[in-house]
Asks: 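Just dropping this structure here.
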Amino acid sequence: MQTVIHVVCTAGMSLRDRMGRDRKRLAAFGLQISEQKRMSRRHGWTKLHSTRSEQGGAINVHWDRAATALVCRIVTRTGDPGPITGDLVGYLMTRFRDRIQALTIVP
């Protein structure tokens with residue numbers, strides 16, 4: 001199952017870059033960075049995984065500079081993307097509430 005989260009932000013530094021430098025706080029929300037900027041793929045993406053054993057899935061994070069928007073695509077093998085989605089939204093709202101103008105979740 002796939003879920004997409006669009007986060008429209010105010011102008012400023014890439015939220016994807018800020019997430020990449022915030023590993024300790026990501027870990028507090030049960031998330032860890034597994035990959036960043038592989039040379040064979042286009043720049044501006046990060047892959048997150050859940051550190052909680054009962055949750056499966058990955059989050060592909062892309063920063064759209066022109067739109068100042070973070071696009072997060074959650075892919076799960078089980079039918080329930082709720083726990084990993086909740087961890088990500090909780091992290092974003094806790095850390096970047098002042099930058100977020102709109103957050104849309106599309107199942």
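Because the structure is predicted, anything quoted here is derived from the model rather than measured. No hydrogens, no waters, no symmetry mates; every other heavy atom, side chains included, goes into these values. We're numbering straight along the sequence, starting at 1.
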Asks: Mind checking what makes side chain to side chain donor-acceptor pair (under 3.5 Å) contact with S14, not counting sequence neighbours?
Replies: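 For S14 there are no side chain to side chain donor-acceptor pair (under 3.5 Å) partners, ignoring immediate neighbours.
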Asks: Suppose we screen for side-chain contact (heavy atoms from CB on, under 4.5 Å). Which residues come up paired with T68, at least two apart in sequence or across chains?
Replies: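 Partners of T68 under the side-chain contact (heavy atoms from CB on, under 4.5 Å) test: W63.
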Asks: Looking only at non-hydrogen atoms, find the nearest pair between I84 and A58 and report the distance.
Replies: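 Nearest pair, atom of I84 first, then A58: CD1-N, 4.3 Å.
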Asks: Are F96 and M93 linked, directly or through other ILVMFWY residues, by side chains that come within less than 4.5 angstrom of each other?
Replies: yes
Asks: Ring pair (Phe, Tyr, Trp, His ring centres under 6.0 Å): which pairs involve residues 65-89, sequence neighbours left out?
Replies: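 Ring pair (Phe, Tyr, Trp, His ring centres under 6.0 Å) check on residues 65-89 returns no pairs.
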Asks: Taking the side chain as every heavy atom from C-beta outward, state whether Q32 and R23 have any atom pair closer than 4.5 Å.
Replies: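 Side chain of Q32 against side chain of R23, heavy atoms only: no contact under 4.5 Å found.
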Asks: Looking at M13, is its backbone amide N or carbonyl O close enough to the side chain of R99 to form a donor-acceptor pair, meaning the two atoms are under 3.5 Å apart?
Replies: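 Checked: pair present.
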Asks: Scan the side chains in residues 100-107 for donor-acceptor partners under 3.5 Å anywhere in the protein, sequence neighbours excluded, and list what turns up.
Replies:
none

Asks: Pairs in or reaching into residues 82-96: which pass side chain to side chain donor-acceptor pair (under 3.5 Å), with residues at least two apart or in two chains?
Replies: D22-Y91, D22-R95, R52-D87, Q55-D87
Asks: Are V61 and V71 side-chain neighbours, meaning at least one heavy-atom pair lies under 4.5 Å?
Replies: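 V61 does not reach V71 side chain to side chain.
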Asks: Which residues satisfy the side-chain contact (heavy atoms from CB on, under 4.5 Å) test with A67, sequence neighbours excluded?
Replies: D64, A69
Asks: To the nearest 0.5 Å, what is the distance between OG1 (T46) and CG (D17)?
Replies: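 Interatomic distance, T46 OG1 to D17 CG, rounded to 0.5 Å: 7.5 Å.
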Asks: Report yes if the side chains of L70 and H62 come closer than 4.5 Å at any heavy-atom pair, otherwise no.
Replies: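 SC-SC contact between L70 and H62 ruled out.
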Asks: For M1 and P81, work out which heavy atoms get closest and say how close.
Replies: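 Answer, listing the atom of M1 first, then P81: SD-CD, 3.5 Å.
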Asks: With heavy-atom distances below 4.5 Å as the criterion, would you say the side chains of M19 and I33 are in contact?
Replies: no
Asks: To the nearest 0.5 Å, what is the distance between CD on Q2 and CG on N60?
Replies: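 The distance works out to 8.5 Å.
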Asks: Kindly indicate whether the side chain of L15, heavy atoms from C-beta on, has any atom under 4.5 Å from the side chain of C9.
Replies: yes
Asks: Consider only side-chain heavy atoms of I, L, V, M, F, W and Y, link residues closer than 4.5 Å, and tell whether V4 and L88 are in one cluster.
Replies: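 No, because V4 and L88 fall into different hydrophobic clusters, even though each may have its own neighbours under 4.5 Å.
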